[in-house]
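Read the structure below first, then the notes.
In this chain, residues are counted from 1 in sequence order.
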Amino acid sequence: MSEIEQPPLKKVKNTVPKMKKMKKEVDPFSQIGTYQQVQEKDIEALLAEQNLTVEEVTNDYALVSKLYKKREKEAVAKYNRYVENVEILAITSQGDGMGLIDSVFENKTKQVIIVPFGLVGDVVNAQIHTTQKMAVIADLVDVIKESSMRDNSLINCKYFGICQGCNYQHTSYDNQMDLKKKTIVNAYKYFAPSIFKGIMDSDKFMDVVQSPNKYKYRTKITPHASLPVILKKNALEAIERNEPIKELPNLGFDKANRHYWRKEHKNDTALHEKNKFGSILDIETCSIATDLINNGLKVSKQKLVKEFPKFKKNQYNVFVREQTTDIEPTLKDIEENHVLPKEDDATKPAFEQIKDQRFRSVTSNQRQTIQEIVCGKKFNFVANEFFQINTSILPLVIDHVLKNSEIDNKEDSKRYLVDAYCGSGFIGICCSDKMERVLGVEVSEQAALSAAENAKLNSIENCKFIAGDAEKIFKEVDTPNELTTVIMDPSRKGSNQGFLKQLSEFKPKKIVYISCNVNTQARDMEYFLKETENGGLYQIDHVTGFDFFPQTHHVESVIVLTKK
């Protein structure tokens, strides 16, 4: 029997329609207090002061964008132009100067211009590089007339004025505190209008609490480098020819300004040459990072030089974080990637001895379990997980929380603390000595386990940490509400309506809301006090800022509520 030849298989077109990706529904509440909204509110406030309307300053940004795409440089230059003698009239919530210039669009009167490193009262020259709907963004080129707020002699960093890291080194620390308090006030004005007047009229916006360390406070940095294919190719060819590599990648932070306005920078040809390409500023040291962290940065740069020619990805990220150890680091710790070496001696670990026979060192291992000691308590956590990077101010925050957790009750002296969004258990554990019982609640089971381990590490027996269902977060909270303070410390995106409703139903005697984003905090408080079932039972005691990040525009805010 002869073998029958199999005809070639035909490709059959798949007639089954592909499943369309379901668009994730965006919660409208979560979109209140975004960076873009804050900028728009800042602009609207400036326009109101100058008797201008939004319509008078709106830019045809779609036109400019279209010209960009077509690469019509001459047409774009009309809009991305050099402007002179711009008076800075206000500071945005992001720490940039803001002024007005004549508009180049038909039937428009003015344009809002945003200039980094400008201070109110400055008169500057600037180069516009971006057109948005309500503003144009520019580089600071020259300061023609200096503001009374400006004192360039205070600048502590070689790269201030071009680096994105700091905003305020050129003004006094008292001025920084005033600017940050204004940021908090504006956040409530913008996103909590129904409660703002009451807070303002009763003078409940407190001064910002200063950081004990104004510089050298950051215990973690994450610089990065861009590695274009051509850069790696040229480096490999140089190595093959046994020649030195001519062009090394920049390792540092994003540029905030591409022009050099500081006198020290204008004639620094080495600085210009090193940073003429790309968006990343090459730095050797960061003035707001600790000495150990800066040692780690220099070691990381040495490592980058060796690794980048054969590095597969085009983005090179560096992680450097401080840690506490009970024994002096050794060469073995370097070999196991637990500790970085000294910058000038790769056979010796870099560390500092602190009190209680403990040692501070740095690691680049993001998955390593490390330790911090704050308020006499130990905290173990994975290096790349969240933990505050300015530990010098944390005792002041804990004192503030404890003071504002005090409850007057003649019949019962016991006090209870519910630590919502408890993370690694930091706040609850630090406050445990003054509480009858602490209950930490987290939607993340891993975080709740980590917090429980930290309580055990500190031999604390009155703390319990549970992973709560997001829909029933207070289900297992069994503390008497009239003797309970609830601590809230969510991420930058703030809380949500579901949690705030549950908080209202629980009716704790006190609420202390700590936030790294005052805009979402204001949004949440507006909703809690005005929209939830029992929100009307609460009064605002005060709103206090904490300066976790000196020299930058960032500020943390703590609001305290008491049930009437």
Side-chain angles (χ1 to χ4, degrees), residues 23 26 31 34-47 50 52-118 122-144 161-164 224 226 228-231 250 253-261 265-266 272 275-281 314-315:
K23 284 189 177 180
V26 178
Q31 299 304 297
T34 63
Y35 161 75
Q36 190 60 40
Q37 283 186 340
V38 176
Q39 180 175 291
E40 288 173 3
K41 295 285 187 181
D42 285 335
I43 291 171
E44 288 169 5
L46 174 65
L47 297 180
Q50 300 296 319
L52 290 167
T53 65
V54 170
E55 290 72 25
E56 288 178 281
V57 302
T58 301
N59 300 314
D60 190 349
Y61 69 101
L63 168 64
V64 180
S65 179
K66 189 176 180 180
L67 294 172
Y68 257 116
K69 289 178 181 177
K70 289 184 175 180
R71 297 185 178 181
E72 297 186 17
K73 292 184 179 180
E74 291 185 8
V76 169
K78 174 184 175 182
Y79 305 101
N80 286 4
R81 61 201 188 279
Y82 178 75
V83 288
E84 296 182 322
N85 298 315
V86 179
E87 182 180 1
I88 302 300
L89 303 170
I91 304 286
T92 72
S93 299
Q94 301 299 313
D96 297 322
M98 188 163 50
L100 292 167
I101 57 176
D102 292 334
S103 180
V104 293
F105 293 101
E106 291 183 10
N107 303 318
K108 303 295 179 181
T109 308
K110 295 288 183 180
Q111 285 180 298
V112 175
I113 184 170
I114 295 176
V115 186
F117 309 108
D122 278 340
V123 177
V124 305
N125 296 339
Q127 176 66 50
I128 298 169
H129 58 74
T130 302
T131 299
Q132 298 177 346
K133 184 176 180 180
M134 291 181 65
V136 291
I137 315 300
D139 277 349
L140 176 58
V141 179
D142 290 296
V143 180
I144 305 304
I162 43 178
C163 178
Q164 200 175 63
H224 49 279
S226 178
V229 174
I230 187 66
L231 187 70
N250 286 4
F253 305 110
D254 289 342
K255 295 175 183 175
N257 209 70
R258 291 176 180 271
H259 287 74
Y260 301 103
W261 57 269
H265 291 165
K266 285 187 177 294
H272 298 184
N275 291 287
K276 64 182 178 181
F277 297 120
S279 61
I280 298 172
L281 178 73
N314 291 333
Q315 182 80 13

Requested in this report: Nearest 0.5 Å please: distance from the CD1 atom of I128 over to the CD1 atom of I137.
Outcome: 9.5 Å
Report task. Drop me the distance from L281's CG to K255's NZ, to the nearest 0.5 angstrom. Result -> 7.0 Å
Query raised in the report: Do the rings of H272 and Y260 sit parallel, tilted or perpendicular, given the 30° and 60° boundaries?
Result: parallel
Please say whether more than 12 non-hydrogen atoms of neighbouring residues, nucleotides or ligands are located less than 6.0 Å from [atom1] in [X].
| X | atom1 | answer |
| --- | --- | --- |
| K266 | NZ | yes |
| Q315 | CD | yes |
| Y61 | OH | no |
| F277 | CZ | no |

If only side-chain N and O atoms count, and only distance matters, is there a donor-acceptor pair under 3.5 Å linking [Y] with [X]?
| X | Y | answer |
| --- | --- | --- |
| T53 | E56 | yes |
| Q111 | N59 | yes |
| S93 | D42 | yes |
| Q132 | Q39 | yes |
| H259 | D142 | no |

Query raised in the report: Looking at side-chain heavy atoms only, is the closest gap between H224 and I280 below 4.5 Å?
Result: yes
Requested in this report: Assess whether side-chain contact (heavy atoms from CB on, under 4.5 Å) is satisfied between L47 and V112, documenting all intermediate values.
Outcome: CA-CA 9 Å; L47 297 180; V112 175; 4.0 Å; yes
Report task. Apply the test side-chain contact (heavy atoms from CB on, under 4.5 Å) to residues V57 and T109: give CA-CA distance (whole Å), side-chain angles for both, the deciding distance (0.1 Å), then the verdict. Result -> CA-CA 6 Å; V57 302; T109 308; over 6 Å; no
Requested in this report: Would you please test I88 and V124 for side-chain contact (heavy atoms from CB on, under 4.5 Å) and show each step?
Outcome: CA-CA 8 Å; I88 302 300; V124 305; 4.2 Å; yes
**Report entry** Audit row: D96, I91, side-chain contact (heavy atoms from CB on, under 4.5 Å) steps and yes/no
**Finding:** CA-CA 5 Å; D96 297 322; I91 304 286; over 6 Å; no
Query raised in the report: Looking only at heavy atoms, what is the nearest atom pair of K108 and S103, with distance?
Result: CB-OG, 3.4 Å
